[in-house]
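Just so you know, these numbers use all the heavy atoms, side chains as well, and skip hydrogens, waters and symmetry mates.
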Amino acid sequence: MSHIWDFRHGKMAKDESGYIMIMSLFVLVIASAIGVGLVVVGINEFNLSLRTKLMDQAYAIAEAGINRATVQMQLDETLCSSCGANNFYMVSGNTPQWPAGDINGKTESFGGGSYTVTLWQSERTSPTNERILATHKVIRSTGTVTQGGTTAERTIEARVVTGPINTEYDASFDYLIYNGYSEEGGNGTWPGNRYWTGTWTFDGYTPDQGRYPKGAIYTKGNINIPVSLAATANIYGNVVATNSVAFSNTVNVGNINIRKGNVVAGLNRDEVGSNSININVGFSVGGLRIYADGAAGKGHLVAYKDVTFNSFGSANFSNTLLLGVNQSGVLDGGIKAGQDVSISGSVGIGQSTLVGNIWSGRKTNVNSSIGSIRTASINAGQHTNGDGVVLTTTLGSIDTGAITSRGKVSANATAAYVNTGDIYAGNNVIGEGGGGTGVDWQILFAYSNVGNVRSTGAVYWNWIPLITWINHGSVTTPYTPKPTAPTVDVLSEAGLTKPVDLVEPNWSYFQAQAAQDDLVNGPNIKKCPNCRRAVEGDGDLPPNFPSNCPTCGASLAAVSPGPAHIIWDRAAAEPVGTGGDYGDANDGYIDIHWDDTLPYSSNETVYNGDTSKTIRIIKLNWQNLSQQFEGTIAGRGDVLLNASDTNWFINTSNKLNICAGRDIIRQANGVTLFERSDSHFHFWAKRNISLNDLTFSIVGGNTLYGSFTAGNKFTFTDMSFITNLTFKWSRWPLPAQAWTEPVRILNWKEI
């Protein structure tokens with residue numbers, strides 16, 4: 001310790017400055033230690049945060065690998081329909097089912113890292129013996145990401161249970177016309193025409209690309225096919241409604257001919273609705289004809305509940321109803337109803353109403369006034385009132401084949417005649433008991449021929465000799481067992497295993513196709529006119545291109561870049577001509593001009609992903625393009641057909657595909673949109689397809705191919721003076737990934 005002289009007090013004093021220095025140094029050391037600690041903690045926290053972020057990122061990448069494997073199952077249906085003996089998970093020496101034979105798995109870049117994924121058949125033998133179930137899989141995915149010298153890796157092992165492979169996932173495309181009626185309450189009418197002459201043909205039966213269609217028309221709900229046509233309509237293939245079908249007309253001078261198909265109503269079965277078929281034909285010189293045409297199992301009217309036919313005021317000189325006739329003229333089709341069948345005719349001065357075989361789950365009623373009705377065999381159940389078959393005629397005639405009925409069979413004829421084949425009848429007693437009445441004939445001033453009779457109940461012949469005649473074969477009563485009631489499988493009659501839902505597009509597929517087109521010959525590409533090199537622009541909007549080809553030196557000044565395939569509506573602030581609509585002043589619309597002046601390839605996809613924007617086809621003229629040219633326009637909003645007569649031309653064998661997230665609507669001033677024979681049209685709309693005032697042909701006949709699939713309804717009207725048009729179904733040949741996937745993931749559980 002040092003001392004210093006204190007002049008103020010005149011004596012020596014202690015010097016304590018060393019203490020202050022020591023204390024200052026001590027505080028500095030403590031503060032430095034705290035600072036270093038905070039830095040260390042911060043670095044550790046940063047590193048921990050980075051590692052956590054990388055681990056989370058690696059986990060997300062691993063999840064992407066899981067999704068990649070599920071997509072592969074959707075693309076390759078065999079992965080879920082079979083399992084190899086050497087593809088079991090965690091079994092020594094086994095290899096993945098996918099990628100096949102690659103133990104290291106499939107590695108792909110994703111999200112700044114990569115995943116390695118393998119798909120295996122489940123190895124578990126309990127509790128459900130998954131080893132033998134092809135729908136039980138295990139996916140192993142490892143996500144890896146590296147940043148700043150730090151690498152994170154996460155592995156997910158998941159057990160996946162897939163739904164059964166559904167090969168009919170796109171069945172709504174297997175009909176020439178599909179109406180979903182999602183917004184109309186299921187009430188629809190058949191497309192109509194404006195004039196009374198010509199022939200319409202809708203072919204939903206002839207195969208295309210090795211696949212048969214499921215029918216001509218499918219409607220979710222009701223369908224009304226008016227037969228008030230002077231023209232003749234030929235419909236090939238099934239006509240199907242989940243609820244009811246109605247044919248009705250007045251003053252008909254043509255025919256509705258349904259060939260090689262069934263008319264089926266009631267696919268929704270126990271749901272609310274009549275699920276019936278109703279036919280009304282009046283003041284007709286034509287009729288409704290349903291031909292089997294040699295196609296097995298066709299030529300039927302089929303309803304989950306009732307089938308009713310009523311012909312009134314018929315003045316035709318051909319058959320008012322010709323049902324179930326094959327090529328040899330034999331009645332081998334007919335009516336199948338889960339409940340009741342009712343057939344009536346009046347004032348018929350032409351030929352008979354001809355009906356094939358009749359199956360009714362409850363009662364069959366045939367009533368003829370003045371007219372003539374002829375049927376093949378009748379097979380009926382029993383109504384709650386005890387009746388099975390009731391034949392009634394006044395001043396008319398009824399001819400039937402053999403009759404089998406669980407309930408009573410009765411006839412009532414006045415100044416008419418009734419002829420039947422053999423009769424096998426039950427009685428008017430509900431249940432299996434005997435007694436009651438089985439056959440009851442009431443004849444006055446009439447004539448009747450009946451075959452042999454077997455009856456559970458009593459048989460009564462009520463007639464007056466000399467003025468009434470009844471001839472019948474042998475009678476056996478009481479006869480057991482009582483006949484059983486027939487049943488109807490409406491799904492089987494429609495060629496289905498379940499009702500058909502609207503197929504939904506995978507919009508990312510169409511976007512990817514359009515993006516690929518942009519890379520090949522899009523707005524950032526000029527094709528050298530000399531060496532055909534693809535010269536890229538600089539990516540600006542609009543892009544800047546070199547003046548000359550870098551390869552051969554040819555001038556590019558007069559060369560136009562390719563059109564955009566992923567298109568958009570220009571924003572209000574963009575200069576005119578820089579947006580996807582090429583200068584349209586109306587925001588909200590994208591105008592497409594498509595002809596041979598644009599360097600499209602032979603198979604092109606144009607895509608707009610904005611649901612609020614509308615695509616307007618201002619010009620679509622392909623007359624100078626190759627016959628194999630195919631173009632697809634996919635827009636998540638509306639698609640409007642605004643091309644006039646002179647700006648619309650589809651060449652022979654050209655294919656136009658339109659996929660709209662809302663409506664497809666014709667709005668052009670002209671009337672001709674379909675004019676070249678053998679062209680193809682595949683239209684899909686989430687809501688409506690509305691094609692009005694079209695001219696398909698002036699006098700000559702055209703054959704067009706395609707399909708019209710509407711989530712709500714499809715309608716069109718024809719302005720042709722003499723229609724001679726054939727629409728044939730053709731398949732839209734897109735891969736499974738373009739639509740709702742055929743494989744459904746039912747369960748996804750991380751191990």
Atom pair OH/OG1 of Tyr59 and Thr155 - distance to nearest 0.5 Å: 11.0 Å

Worked verdict on Tyr705 versus Asp678 for side chain to side chain contact (heavy atoms under 4.5 Å, CB included): CA-CA 6 Å; Tyr705 296 83; Asp678 296 332; 3.5 Å; yes

Arg154, CZ: over 12 other non-hydrogen atoms inside 6.0 angstrom: yes

Check: Gln209 side chain, Arg731 main-chain N or O, donor-acceptor pair, under 3.5 Å: yes

Salt bridge present between Asp595 and Lys619 (N-O < 4.0 angstrom): yes

Show me the side-chain donor-acceptor pairs of residues 109-119 shorter than 3.5 Å, one per line, residues at least two apart or across chains.
from: Tyr115; atom 1: OH; to: Glu108; atom 2: OE1; distance (Å): 2.5
from: Thr116; atom 1: OG1; to: Thr107; atom 2: OG1; distance (Å): 2.8
from: Thr118; atom 1: OG1; to: Trp120; atom 2: NE1; distance (Å): 2.8

Nearest-0.5 Å distance that lies between atom OG1 in Thr135 and atom CE in Met73: 10.5 Å

Distance, nearest 0.5 Å, that separates CD1 of Ile650 from CG of Leu704: 10.5 Å

Heavy-atom side-chain contact between Arg159 and Val161 under 4.5 Å: no

Expected output: side-chain Asn651 to main-chain Ser653 donor-acceptor under 3.5 Å: no

Shortest non-hydrogen contact between Ser707 and Trp729, atoms and distance: CB-CD1, 4.2 Å

Side-chain donor or acceptor of Asp517 paired with backbone N/O of Thr605 under 3.5 Å: yes

Straight-line distance of Phe716 CZ to Leu691 CG, nearest 0.5 Å: 8.0 Å

Side chains of Asn179 and Asn712 in contact at under 4.5 Å (non-hydrogen atoms): no

Non-hydrogen atoms of Thr551 and Cys531 that approach each other most closely: CB-SG, 4.1 Å

Donor-acceptor under 3.5 Å (Asp518 side chain, His565 main chain): yes

Verdict with supporting geometry, Asn621 and Asn647, side chain to side chain contact (heavy atoms under 4.5 Å, CB included): CA-CA 6 Å; Asn621 192 328; Asn647 286 325; 5.7 Å; no

ring-ring contact (aromatic ring centres under 6.0 Å, His included) assessment of Phe727 paired with Phe708: CA-CA 11 Å; Phe727 258 122; Phe708 300 94; 5.4 Å; yes

Reported CD1-to-CD1 distance for the pair Ile567 and Ile592, which is rounded to 0.5 angstrom: 4.0 Å

Residues Lys728 and Asp208 bridged, charged N to O under 4.0 Å: no

Any residue meeting side-chain hydrogen bond (donor to acceptor under 3.5 Å, both in side chains) with Thr151, in chain and number order, not counting sequence neighbours: Thr146

Min side-chain heavy-atom separation Leu502-Tyr178 under 4.5 Å: yes

Side chain proximity check, Pro561 to Pro543, heavy atoms < 4.5 angstrom: no

Within 6.0 Å of CD in Glu153, more than 12 heavy atoms from elsewhere: yes

Side-chain heavy atoms of Thr242 within contact of Tyr218, under 4.5 Å: yes

Any Thr709 side-chain heavy atom under 4.5 Å of Tyr175 side chain: no

Cys549 to Val535 - nearest heavy-atom pair and separation: SG-CG2, 4.5 Å

Any donor-acceptor N/O pair, Asn702 side chain to Leu725 backbone, under 3.5 Å: no

Stepwise side chain to side chain contact (heavy atoms under 4.5 Å, CB included) test for Gln513 and Thr632: CA-CA 10 Å; Gln513 294 299 109; Thr632 298; over 6 Å; no

Beyond-backbone contact of Lys106 with Arg68, side-chain heavy atoms, under 4.5 angstrom: yes

Ser141 side-chain N/O to Ala62 backbone N/O, donor-acceptor pair under 3.5 Å: yes

Check: Asp663 side chain, Asn688 main-chain N or O, donor-acceptor pair, under 3.5 Å: yes

Verdict with reasoning, Thr206 to Tyr236, per side chain to side chain contact (heavy atoms under 4.5 Å, CB included): CA-CA 8 Å; Thr206 304; Tyr236 288 80; over 6 Å; no

Reported OH-to-OH distance for the pair Tyr212 and Tyr205, which is rounded to 0.5 angstrom: 5.5 Å

Test side-chain hydrogen bond (donor to acceptor under 3.5 Å, both in side chains) applied to Lys137 - qualifying residues, sequence neighbours left out: Gln97, Gln121

Main-chain N/O of Ile617 paired to Asn642 side chain as donor or acceptor, under 3.5 Å: no

Parallel, tilted or perpendicular: ring planes of Trp732 versus His682, cut at 30 and 60 degrees: parallel

Polar side-chain atom of Asn608 near backbone of Gly635 as donor-acceptor pair, under 3.5 Å: no

Residue pair Arg533 / Pro550, side-chain heavy-atom distance below 4.5 Å: yes

Parallel, tilted or perpendicular: ring planes of Trp507 versus Tyr607, cut at 30 and 60 degrees: tilted

Heavy-atom pair of closest approach, residues Tyr181 and Lys220: CB-O, 3.2 Å

Exam field: side chain Lys214 to backbone Ala171, donor-acceptor pair closer than 3.5 Å: no

Closest heavy-atom pair and its distance - Leu556, Pro546: CD1-O, 3.6 Å

Heavy-atom closest contact (Ala554 atom, Asn530 atom, distance): CB-CB, 3.8 Å

